[in-house]
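For ligands, and for the atoms within them, numbers begin at 1 and follow the listed sequence.
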Amino acid sequence: MAKERNDLCALGLVAAREKLRSKEISAVELTEAYITAMQDARGLNAFITETPELAREQAQRSEQKLMRGDGRLLEGIPLGIKDLFCTKNVRTTAGSRILENFVPPYESTVTQNLLDEGGIFLGKTNMDEFAMGSATITSYFGPVISPIRSTTSIDKDLVPGGSSGGSAAAVAANIVIAATASDTGGSIRQPASFTGTVGIKPTYGRCSRYGMMAFGSSLDQAGPITRTVRDAAIMLSVMAGYDAKDSTSLNVPKQNYFDALQPSAKGLKIGLPVEYFQNLSEDLTRVMNNSLDTLRALGAEIVEVSLKMLNYALPSYYVIAPAEASSNLARYDGVKYGFRASKVDNVNDMYDRTRRLGFGKEVRRRIFIGTHVLSVAEYDSYYVRAQKVRQKIKQEFEEVFRTVDVIVTPTATGGAFGVEEGPKMNAVDMYLNDVFTVSLNLACIPGISVPAGTTKNGLPLGIQFVGPQLSEQRLFDVSAAFEDANRENV
Ligand code: GLN
């Protein structure tokens, strides 16, 4: 029995979908296998809320559809949902005490899209509080442990990256087939890099933000974390799409990236931004060089390009993101939602205590920073300046994309670190985790992280492919070719 279950859970999305459609396996048996796997892996703390009963009901319905031969794109596929997508009648916490008991009366558009194509929801995955973090150690519900271990210190618990660490850990541990995630500055791609999974942050506006807890509204994007590039292509095809309920949603036709997939890097001009390749660790240098060789062997031409604004990306992100967060989080005041502090003297005291007790330290830090940079005295010197820098970053990418088709960079600066080390890092060291990813959010352009290799002690390292706005298909094509050619290195 145990072996059978492992076999079922080893199937990726593409294979599982084929076997479900050919009735070789059933949606009910697949879902049961995943429910057991999820419960057996509770030590990872990858889920905040498990929804086995909901999953069983959905699996029954999928089963009937499949029997009739009209399975939809994700019919019977067990998924994890990051706990910042509102799910109707299922608790949604954003990893925060302030929403500990919040049960949304409505469904986010992204999760609705998944339901409409027959996805099965196993539960809500753990995350950094309000998606603020790079390690999934700021969750009110405790840290997530990565299923990945280093070959040299096998007993050491590692972080799965963040903020979508629950989703990444669940995918890497084979306790979901795929998961939703969100990325404001790197939270899909960096955890994908840490856990040896694939994560794509689409063009800003591809996926609707309706029903997604807002962090930095001009930066937030939903995307999938999956085991393979092809799985990601299927997931994003379902998650994305224009939505009138989100004013920033892009009104572009829905695409099926999987059906249109043409894995190839032949004839592509790939830009190597020199600034992103300075002072890399020995491991990362080796892995990136191997990856570039693989791309050359696939027929791509690698050319050096320059993105001089790299050094200004993090500083401007850490003005803009907290500014937007401080405004977005003003709604959690103890009146309309969730947690409210008891034993208060008056209304001001109620606001004060509710927010002091309801939010964790990192969230309060961001609110302070954001409120400060938006204050009358500081607005011009921080917020306005950061917006100018953002424009320049956008322009710089646009210029480079006049000469190359795709840009490659490392996804993260190294492999995963220890769960114990995270809290000891100072805030800026933690922020540096996203040095290669945030500029894409600022420029509203897509990027995908694909496993590229490992450190000497076996920790996954990802490569990031970056394209101009709405170039997701190109990114899937090149990264699928890379993934196929690079199998023995990961
Ligand atoms: N780590 C970054 C931050 O803490 C990005 C988080 C994210 O993408 N949600 O803000």
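Salt-bridge check for Arg365 with Glu362: passed, with a basic side-chain N closer than 4.0 Å to an acidic carboxylate O. A salt bridge does not link Asp183 to Lys201: none of the charged side-chain nitrogens sits closer than 4.0 Å to a carboxylate oxygen.
Aromatic pair Phe476/Phe258: ring centres not closer than 6.0 Å. With ring centers used as reference points, Tyr332 lies 6.0 Å or more from Phe339.
In summary, of the residues considered (Asp157, Asp155, Asn457), a side chain to side chain donor-acceptor pair (under 3.5 Å) with Arg149 occurs for Asp157 alone.
Near ligand 1, heavy-atom contacts under 4.0 Å come from Ala131, Met132, Gly133, Ser134, Ser163, Asp183, Thr184, Gly185, Gly186, Ser187, Phe215, Tyr317, Tyr318, Arg366, Asp434.
The salt bridge (Lys or Arg N to Asp or Glu O under 4.0 Å) pairs that include a residue from residues 232-255 are Arg209-Asp246, where partners are two or more places apart or lie in different chains.
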